[in-house]
There are 2 protein chains.
Amino acid sequence: MTRPSTTADDILDCARTLIVSGGYNGFSYADIAAVVGIRKASIHHHFPAKSDLVRTLVARYRAEAAAGIGAVDRNVPDPLNQLRAYVGYWEACIADASAPFCLCALLACEIPVLPADVVAEVRAHFRTFSGWLTKVLARGVAEGRLRLTGTPEAEAEAFLATVHGAMLSARAYGDPSMFATITHPLLERLVRPH
Amino acid sequence: MTRPSTTADDILDCARTLIVSGGYNGFSYADIAAVVGIRKASIHHHFPAKSDLVRTLVARYRAEAAAGIGAVDRNVPDPLNQLRAYVGYWEACIADASAPFCLCALLACEIPVLPADVVAEVRAHFRTFSGWLTKVLARGVAEGRLRLTGTPEAEAEAFLATVHGAMLSARAYGDPSMFATITHPLLERLVRPH
DNA sequence: GTCAGTCTGCCTACTAGAAGGTAGGTATGT
DNA sequence: ACATACCTACCTTCTAGTAGGCAGACTGAC
């Protein structure tokens, strides 16, 4: 456990906020410098190129997401409640505006103009989550808790897409509650009546 | 029916392609100039500021979308087939890569850094479509063709969000068929069994 | 008809500022 | 002595946007 100066993390935190708000081309090193209280050139010391910064950021984001998935897998036994935990996490982030959009979802919008190594990380994030959701849905069916109309794979992709679309609609309407309006019925539909 | 030079339209067409691929901050007047075969300054003759260009573009896009809705309303009697027409339109656009993303959905991602007048147009587009979908779904229920689990309003928002999320997933995976994988079950779920 | 005036569409040439990035220096800690 | 973290100063390229000119098409007045 090295404990390096927190500046690199501050830069990443700031970059994340800026990207979530305006995308890859919506922020500059100058923007970060102003917030972190450092000179523009000093950011290049930590991250030589912008693509290095964003690639590192997405990698860290993916690690955090993997840890989050791990925690849910360990602490939430019921598959349905696992889905609720996932949706609830974003509901809270959007409600308090702390992170009103998934970093990778936003970057995915701009894939055609993104550096290739960033694209690879973003794509991997999508695969990680659709894979996890597939597993959760399949287990929910096996345990008789969930009711699917398609394969777990297809339902997982649809679930992920709807969650991302819900983020987008919440942003489009400027109304955080839109996220819950869309995602709660999505969850309820999966509940197997007993 | 004035027939002005088509240059302004060429500029708008080009801007649309560029925005759909990389967003508001992902293109410049120089990019358009290179494609249209005109000088950078000449674009300012047609659209003084970038926000003017994009606002006009979104307004035109909305007019086209309204015309499309009108045509579907007139030519497709069945509500379920109306939904199929809407989804099918995007399926074709994504498959042939002619317009692999909804202009307004992509701009909505960047709302926090967009000019206010552009945001207003984008927001209006979302309202137009969720309104139309609400109407179609309600009529589908009234005619006994569709089966909803929630209110037409909520189902319409979920439908729109899933379609947008499906575009995003198709882009994220670099796989156009992902759009159909997500949207076809979405449609089938609404079919009322007879 | 034609001739001045004007409007349109596009041009060259330019600006100020912001973009990402580099060179080379200094203070500090090991 | 070496590396880390940061600095000032600078570079090139790109950004949106402006100023002013020029050729051609439309306008009305004579």
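Below, read A as the first sequence line, B as the second, and so on, with proteins coming before strands; counting in each chain starts at 1.
Here the side chain of A49(B) is nearest to one of dG21(C), dC6(D), dG17(D), namely dG17(D). Checked against dA16(D), dC11(C), dG21(C), the side chain of K40(A) finds its nearest nucleotide in dG21(C).
With rounding to whole Å, H44(A) atom NE2 is found 17 Å from dC10(D) atom P. The OH-P distance, from Y24(A) to dA19(C), rounds to 14 Å in whole Å. If you measure from atom CZ of R39(B) to atom P of dC11(C), you get 6 Å, rounded to the nearest angstrom. Rounded to an integer number of Å, the gap from CG of D9(B) to C1' of dG9(C) is 15 Å. dA5(D) atom P lies 15 Å from atom CD1 of I43(A), rounded to whole Å.
Counting only N and O atoms by type, the side chains of S130(B) and E157(B) include a donor and acceptor under 3.5 Å apart.
Side-chain rings of F129(A) and H164(A) stay apart, their centers remaining 6.0 Å or farther from each other.
At least one side-chain nitrogen or oxygen of S42(B) sits closer than 4.0 Å to the OP1 or OP2 atom of dC11(C). Between H45(A) and dA5(D) there is a side-chain N or O to OP1 or OP2 distance below 4.0 Å.
Comparing the helix axis at one end of the helix from dG1(C)-dC30(D) to dA18(C)-dT13(D) with that at the other, each defined from 5 consecutive pairs, gives an inter-axis angle of 10° (nearest 10°).
DNA chain D is contacted by no residue of residues 51-59 of chain A, taking any non-hydrogen atom closer than 4.0 Å. Of the residues in residues 25-37 of chain B, those placing a heavy atom less than 4.0 Å from an atom of DNA chain D are F27(B), S28(B), Y29(B), A30(B), in numerical order.
The aromatic rings of Y61(B) and H125(B) lie tilted to each other, with the angle between the two planes from 30° to 60°. Relative orientation of the W132(B) and Y86(B) rings is perpendicular, given thresholds of 30° and 60° on the angle between their planes. A tilted orientation is assigned to the rings of H44(A) and Y29(A), their planes being inclined by 30° to 60°.
Electrostatic pairing of D13(A) and R16(A) does not count as a salt bridge here, judged by no charged N lying under 4.0 Å from a carboxylate O. Checked for salt-bridge contact, E155(A) and R189(A) meet the test: a charged N lies under 4.0 Å from a carboxylate O.
Between the side chain of E91(A) and the backbone N or O of A180(A) there is no donor-acceptor pair closer than 3.5 Å. Side chain of N81(A) to main chain of D78(A): no donor-acceptor pair is present (N/O by atom type, distance under 3.5 Å, no hydrogens or angles). In terms of modelled atom types and a separation under 3.5 Å, the side chain of D31(B) and the main chain of S28(B) share a donor-acceptor contact.
No N or O donor and acceptor, one from the side chain of K50(A) and one from the base of dG21(C), sit under 3.5 Å apart.
No chain of hydrophobic side-chain contacts below 4.5 Å, direct or via other Ile, Leu, Val, Met, Phe, Trp or Tyr residues, connects V113(B) to I32(A).
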